Amino acid sequence: MSSSGSSPRKFPHTEGNLNSDLISFLMELAEYENIVGRNVFKSNAYKTAASVLASHPKRIASGEEAAKLKGIGKKIALKIDEFLATGKLEKLEKIRGDETSTALKELARVSGVGPTKARQLYDEGITTIEQLRGNPEKLTHHQRIGLKYLEEFEQSIPRAEIEALEGALRRSLSALPEPITLTICGSYRRGKETSGDIDVLLCVKSSLDGNATSTEDPKTAKEKHGKKFEDKNLLSRIVNLLEQDKIVTDTLSLGDTKFMGVCRLSDDTPHRRLDIRLLSPDQFHCGVLYFTGSGLFNKEMRSVALSAGFTLNEYSIRPVGSTGVAGEPLPVTCERDIFDYIGMDYKEPHERNM
DNA sequence: ATGTGAG
DNA sequence: ACTCACATA
């Protein structure tokens, strides 16, 4: 899920939370440390603190109370005290008034512009989106597209639009010679009413490996398990098709397994960020699980997997031997299989919103 | 190869 | 944490 922009979706599910005011000042500090301070560790510390508060069931009444939670230390506790006492944070007020900070943040709204590029531009005297528009030669292809659709990408996508797009994608893909399964993941699959982007998983029903765990000798099995496909051009063929059908309008990047780009449902809807991933059949369910998220849910599930003696990633679930070495991928026929392996109750996608 | 960025 | 794709060198 993209995280750029100052839209409501910048601070995931902050609205309505008991501690939403604390969460949002922590997220603002996290953004500052990332983009301006270029200190990923501090930034992550603030993000962790924010997410701890987000899943805390009670309103925090003091820094001391907050400091009892794992992930919140003395420094953050002090800031919470200051905020609770005065309704603001001196540090944050300074940051908001600082022209360098505001400029860097503004520039980083553009997809493809991160902390480093923002600083570069700033050093060259570019401080606004306006000025950026006047100097497109300073930008890569990705960044130019990000700039072109800046405002559109910051608008969240109504569920109904994604439903319609799903239909359009299926119609378009039905022109291919090989049957392809399509699943839209991300917050859409978790039942959210709006999403930030569209995350599509595709899987070819290849005649070759309908049964991934059988009679063939291990060597060929291993070769097939690699990420590459026999048909290296399949994804670009798919993208071409979607371009012809006026669904895909721009490409940010295109590899053998991953497309990142832009799509549009119709002339009177905004341009939207679209990601497509091509998975092999034996990876499909682990992929769907992983890309459905949420990120926090994945983290939790991976740690449950670990304590049950398995390692879980977007491609496979594997047993971890007593030596700590991961074994061969286990057969998986649906998402539920993965929950079963690690002894976790099955969670419907809409129950994975943490 | 290495760094940047997205997810 | 990890992977993919890109730009640059």
Side-chain angles (χ1 to χ4, degrees), chain A residues 1-5 9-10 12 31 34-35 38-41 43-44 47-48 51 104-105 107-123 136-147 149-150 153-154 157 184-190 195-202 225-229 232-236 238-239 250-262 272-280 283 286-306 310-318 320 324 326 329:
Chain A
M1 187 117 326
S2 97
S3 65
S4 63
R9 60 192 170 80
K10 186 194 286 181
E31 190 193 27
N34 180 33
I35 295 166
R38 284 185 290 183
N39 189 329
V40 183
F41 296 103
S43 177
N44 285 338
K47 278 188 198 162
T48 304
S51 83
L104 293 177
K105 253 196 249 180
L107 296 171
R109 286 171 61 198
V110 176
S111 176
V113 176
T116 305
K117 182 70 177 189
R119 174 65 66 168
Q120 256 173 39
L121 291 165
Y122 183 79
D123 290 342
E137 76 285 350
K138 294 188 184 298
L139 300 178
T140 65
H141 173 69
H142 178 158
Q143 292 158 348
R144 282 182 211 189
I145 303 297
L147 181 58
Y149 300 123
L150 178 61
F153 287 172
E154 287 180 348
I157 312 171
I184 301 188
C185 297
S187 54
Y188 171 77
R189 186 155 182 269
R190 298 200 307 274
S195 299
D197 60 7
I198 301 150
D199 202 355
V200 176
L201 261 58
L202 300 180
H225 197 64
K227 311 131 222 292
K228 307 296 176 193
F229 294 84
K232 285 209 198 78
N233 288 324
L234 178 56
L235 187 51
S236 48
I238 288 172
V239 171
D250 302 84
T251 297
L252 297 173
S253 66
L254 174 62
D256 294 343
T257 62
K258 189 169 88 168
F259 163 85
M260 290 173 59
V262 186
R272 308 296 197 185
R273 277 281 294 107
L274 172 70
D275 290 346
I276 301 176
R277 290 177 175 80
L278 194 54
L279 300 174
S280 65
Q283 303 171 338
C286 287
V288 166
L289 175 67
Y290 183 87
F291 292 111
T292 296
S294 66
L296 251 62
F297 173 82
N298 287 347
K299 216 173 156 183
E300 194 172 306
M301 187 160 173
R302 285 200 300 266
S303 94
V304 172
L306 218 50
F310 299 90
T311 171
L312 181 59
N313 64 19
E314 65 195 271
Y315 303 119
S316 64
I317 177 166
R318 292 168 297 165
V320 181

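Bear in mind that the values here come from a model prediction, so they are computed numbers and not experimental data. Every heavy atom of this structure was used, including side-chain atoms; hydrogens, water molecules and symmetry mates were not. Each chain gets a letter, A, B and so on, in the order the sequences are listed, and its residues count up from 1.
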Atom pair distance, as rounded to whole Å: [atom1] in [X] and [atom2] in [N]:
X      : N     : atom1 : atom2 : answer
A/M260 : B/dT4 : CE    : C1'   : 12 Å
A/E314 : C/dA1 : CD    : C1'   : 10 Å
A/D197 : B/dA6 : CG    : P     : 12 Å
A/I35  : B/dT4 : CD1   : P     : 15 Å
A/N298 : B/dG7 : CG    : C1'   : 12 Å
A/L201 : B/dG7 : CG    : P     : 15 Å
A/I276 : C/dT3 : CD1   : P     : 22 Å
A/D275 : B/dG7 : CG    : P     : 6 Å

I'd like to know if the side chain of [X] and the backbone of [Y] have a donor-acceptor N/O pair within less than 3.5 Å.
X      : Y      : answer
A/R109 : A/L150 : no
A/R318 : A/T311 : no
A/R273 : A/G261 : yes
A/N298 : A/Y290 : yes
A/R190 : A/T292 : yes
A/H141 : A/T251 : yes

Discussion item. So if I take every side-chain heavy atom of A/Y315 and compare against B/dG7, B/dT4, C/dT3, which nucleotide ends up nearest?
Written reply: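 Selected nucleotide: C/dT3.
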Worksheet item: Picking from B/dG7, C/dC4, B/dG5, which would you name as closest to the side chain of A/T116?
Response: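 Of the candidates, B/dG5 comes closest.
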Using a heavy-atom cut-off of 4.0 Å across all strands, would you classify [X] as base, sugar-phosphate, or nothing?
X      : value
A/K117 : sugar-phosphate
A/R277 : sugar-phosphate
A/F259 : nothing

Discussion item. Tell me whether the side-chain N/O atoms of A/R273 come closer than 4.0 Å to OP1 or OP2 in B/dA6.
Written reply: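 Indeed not, no polar side-chain atom of A/R273 lies that close.
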Worksheet item: Is any side-chain heavy atom of A/S236 less than 4.5 Å from a side-chain heavy atom of A/L254?
Response: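 They are in contact (side-chain heavy atoms under 4.5 Å apart), so the answer is yes.
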Polar pairs (N or O, both sides) under 3.5 Å between protein and nucleotides 6-9 of chain C?
unit_1 : atom_1 : unit_2 : atom_2 : d
C/dC6  : OP1    : A/L254 : N      : 2.7
C/dC6  : OP1    : A/L254 : O      : 3.4
C/dC6  : OP2    : A/L254 : O      : 3.4

